[in-house]
Structures are given as structure tokens and as C-alpha cells.
2 protein chains.
Amino acid sequence: MNEPSQRTLKSDETTQLVLKKTLDIVCGKWRLYIIFQLTDQACRYGELRRRIPQVSEKVLVQELKELVGLGVIEKTTYNETPPRVEYRLTERGRKVLPILLQLKTVGETFLEV
Amino acid sequence: MNEPSQRTLKSDETTQLVLKKTLDIVCGKWRLYIIFQLTDQACRYGELRRRIPQVSEKVLVQELKELVGLGVIEKTTYNETPPRVEYRLTERGRKVLPILLQLKTVGETFLEV
DNA sequence: TAAGTTACCCACCAAAAGGTTAGAATAAGC
DNA sequence: GCTTATTCTAACCTTTTGGTGGGTAACTTA
């Protein structure tokens, strides 16, 4: 077993800043749910609302905007009426998925406390 | 390249709950810093304060308490005066370290946006 | 006897995050 | 011409999170 050196982790100040930024991607109250909904298909705004009913409209819009800004998801607007807008994960966004899987297994060991 | 199945991720409702709980471990404003300080040695309360000077006393105490409650760190109180208290990562707590390392590499790809 | 040391607690305050409600634009369908 | 559908925006409020400044216990050292 080759554990990653912990010295590497602690080494530089910037590590912690990078990590904080990275965590921002996932740490909003609704971010995980949004990302999960988009794992295997694009999704319209209204569809997302229906699938995550507890989130308020405002916050959903706001979170989508920020995720777009972060480069995690992308937005396609079709000029139709009523309007149609689709959100999907970017390639970069897909890269967080395997890590979430691992985080989950770690999380499970904590639930047994 | 063997990408982990994304179906596995999305599968059950509980996955998202477990993940949310897991993220709680790391998502406080100061949690990362605390965890990093404890990666390779135990640390007294006052020492932590000095190493993370921006955090307020109250919040540090509070975060330490919660991390203890989550099973990420443990607290040893020595009956001396002035009091001496040491915090250290639990075995479980150590398990998050390698994932942080990976998270960091993913985060780096997002910084280039 | 007074001052210092350490790890806290408490009452209050400020800022950030999230929620509610109303409304606006636009064309289609009745 | 009134309603419906969709994706938002804006004003306002509540809750959560984090911060400040003071105080305390208990023994040591000056």
C-alpha cells in the first residue's frame, strides 16, 4: 500500500486555497443534487425544479449561474417560446464524479460512529 | 481507463445524504485548516489559535467540538494548571487526507478557466 | 498578594446563505 | 383577448454562520 505522502498535502499554502475553491464547487446546499441530476442527461430548468422540489426558484437559478461560472456545467438557450434552456455537465464537471464516489465510501465509515 | 460507473453514483437517494454528511466534515470555513494542522502532530488549543490566527476563539472551539463529534479528531485533556488540551486526528480522520489530495488535482483543472 | 497562563463560556452583533412572493417577457392555444 | 407555459428578476425577510469583547477557574511565578 502506497499512501500518498502527507507532507505533499501540507506543503504549500496554496494547497489550502485550491482546496477551498474546489470545495466551493460542491458545498452549496443544493450543488450536489444539481450535479447528480445532470450526471447522465442534460436537463431543462423546469425539469430540475421538479426533480429537486425543495430548492427555491431563486436559489436554483443562482446556483446554476455560479456552477456555469465555475465551469462545472454549461447552459444552452434555445430561442423559442416558451423559452427552453438546457443545462449539462462540462467535461471538467464530469471529473468530480469519481471523487464523489470515493468521498462516499469515506463518508460511510463516519456514519458508523 | 476504467471510469467508475456513474450509475453507481446516482443509484440511491441515500448516496446524496451520505455525501452531504461527508462534505460537512470539510466544509466549515476553517475545517480544512484545522485538519491540515493536525496531519502530522497533535496540537494544543492555543497552538492551533496561533497557527490559524484569523479564526476567532469561539469558532475554533466550536469547530473543534463538532469535529470531535463527527469522529474526525479526538481531544485529550490533561488535568494540570494551566490546563492542557490536545487535539489529534483519529484513524478515521486520516482517511480523508488522500481524498483531499485528489480533490486538489481536480480543483487545479478548474482554476485554469 | 498581584499578575500571568490556558482553555474555555456567554451575550450580543454582523454578514452570508437561503427562502418567499410578485411580476415580466413572449408566443401558442382556446 | 384571456389564459398558459417557461425561465427568469427584484424586493424583501429569515436562518445560519461567523465574529467581538468580556469573564472565569485554578494554579504558578514574581
Side-chain angles (χ1 to χ4, degrees), chain A residues 16-17 19-38 41-70 72-89, chain B residues 16-17 19-38 41-70 72-89:
Chain A
Q16 302 186 27
L17 295 176
L19 270 175
K20 272 206 97 35
K21 284 240 176 194
T22 311
L23 287 173
D24 284 349
I25 294 170
V26 221
C27 280
K29 187 168 170 192
W30 301 104
R31 299 258 169 116
L32 271 184
Y33 300 95
I34 296 172
I35 291 173
F36 276 119
Q37 286 306 328
L38 301 177
Q41 341 104 15
C43 210
R44 297 181 59 172
Y45 171 79
E47 185 69 13
L48 282 171
R49 278 264 326 147
R50 258 166 278 133
R51 295 207 196 157
I52 315 172
Q54 305 93 329
V55 71
S56 69
E57 283 182 62
K58 189 199 80 172
V59 172
L60 181 53
V61 172
Q62 171 186 300
E63 296 296 84
L64 288 169
K65 247 183 215 163
E66 284 182 57
L67 287 171
V68 169
L70 286 165
V72 182
I73 65 178
E74 58 195 0
K75 174 179 176 174
T76 318
T77 306
Y78 300 90
N79 260 339
E80 306 174 359
T81 33
R84 181 158 69 99
V85 175
E86 279 186 1
Y87 295 92
R88 75 191 69 236
L89 283 180
Chain B
Q16 304 187 24
L17 294 176
L19 272 172
K20 272 208 98 33
K21 285 240 176 191
T22 311
L23 287 173
D24 285 349
I25 294 170
V26 219
C27 280
K29 187 167 171 190
W30 302 106
R31 300 257 169 116
L32 272 184
Y33 300 94
I34 296 172
I35 290 173
F36 277 119
Q37 286 306 329
L38 301 177
Q41 341 105 15
C43 209
R44 297 181 59 171
Y45 171 80
E47 185 68 13
L48 282 171
R49 279 258 338 145
R50 258 166 277 133
R51 295 206 196 157
I52 316 173
Q54 306 95 329
V55 72
S56 68
E57 281 184 64
K58 190 198 77 172
V59 172
L60 182 53
V61 172
Q62 170 186 300
E63 295 296 82
L64 287 170
K65 245 184 219 166
E66 285 182 54
L67 287 171
V68 169
L70 286 165
V72 181
I73 65 178
E74 59 195 359
K75 174 180 177 176
T76 317
T77 307
Y78 301 89
N79 261 341
E80 307 174 358
T81 32
R84 182 159 68 100
V85 175
E86 279 185 357
Y87 295 92
R88 75 191 70 238
L89 284 181

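In this text, all values refer to a predicted model and were calculated from it rather than measured experimentally.
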Rounded distance [0.5 Å steps], [atom1] in [X] versus [atom2] in [Y]:
| X | Y | atom1 | atom2 | answer |
| --- | --- | --- | --- | --- |
| Q62(B) | K65(B) | CD | NZ | 8.5 Å |
| R51(B) | R44(B) | CZ | CZ | 12.0 Å |
| L67(A) | K75(A) | CG | NZ | 12.5 Å |
| I35(B) | Q37(B) | CD1 | CD | 11.5 Å |

- prompt: Which of residues 58-68 of chain B have a heavy atom under 4.0 Å from DNA chain D?
  reply: K58(B), V59(B)

Are any of [X]'s side-chain N or O atoms less than 4.0 Å away from OP1 or OP2 of [N]?
| X | N | result |
| --- | --- | --- |
| R44(A) | dT7(D) | yes |
| R84(B) | dA7(C) | no |
| K29(A) | dG19(C) | yes |
| K75(B) | dC8(C) | yes |
| Y87(B) | dC8(C) | yes |

- prompt: Is the closest basic N to carboxylate O distance between E63(A) and K29(A) below 4.0 Å?
  reply: no

- request: Answer yes when E57(B) and R49(B) have at least one side-chain N-carboxylate O distance shorter than 4.0 Å, and no when they do not.
  value: no

query: Would the number of heavy atoms belonging to other residues, nucleotides or ligands and lying under 6.0 Å from NZ of K21(A) be above 12?
result: no

[X] [atom1] - [N] [atom2] separation (whole Å):
| X | N | atom1 | atom2 | result |
| --- | --- | --- | --- | --- |
| E86(A) | dC8(D) | CD | C1' | 17 Å |
| Q54(A) | dT20(C) | CD | C1' | 16 Å |
| E57(B) | dC13(C) | CD | P | 20 Å |
| I34(A) | dG18(C) | CD1 | C1' | 13 Å |
| L48(B) | dC8(C) | CG | P | 10 Å |
| R50(B) | dT5(C) | CZ | P | 11 Å |

message: Using a 4.0 Å heavy-atom cut-off, does R49(B) contact any base of the nucleic acid, only the sugar-phosphate backbone, or nothing at all?
response: nothing

message: At 4.0 Å (heavy atoms only), tell me whether Y78(A) reaches a base, stays on the sugar-phosphate, or touches nothing.
response: nothing

- prompt: Any donor-acceptor pair under 3.5 Å between the side chain of E80(B) and the base of dC27(D)?
  reply: no

- line: Tightest non-hydrogen contact, residues L19(B) and L32(A), listed as CB-CD1, 3.7 Å

Any N/O pairs under 3.5 Å between the protein and nucleotides 26-30 of chain C? List them or say none.
{"from": "dA27(C)", "atom 1": "O4'", "to": "T81(A)", "atom 2": "OG1", "distance (Å)": "2.9"}

- prompt: Between I34(A), L48(A), T76(A), which is the residue that forms a side-chain contact (heavy atoms from CB on, under 4.5 Å) with Y87(A)?
  reply: L48(A)

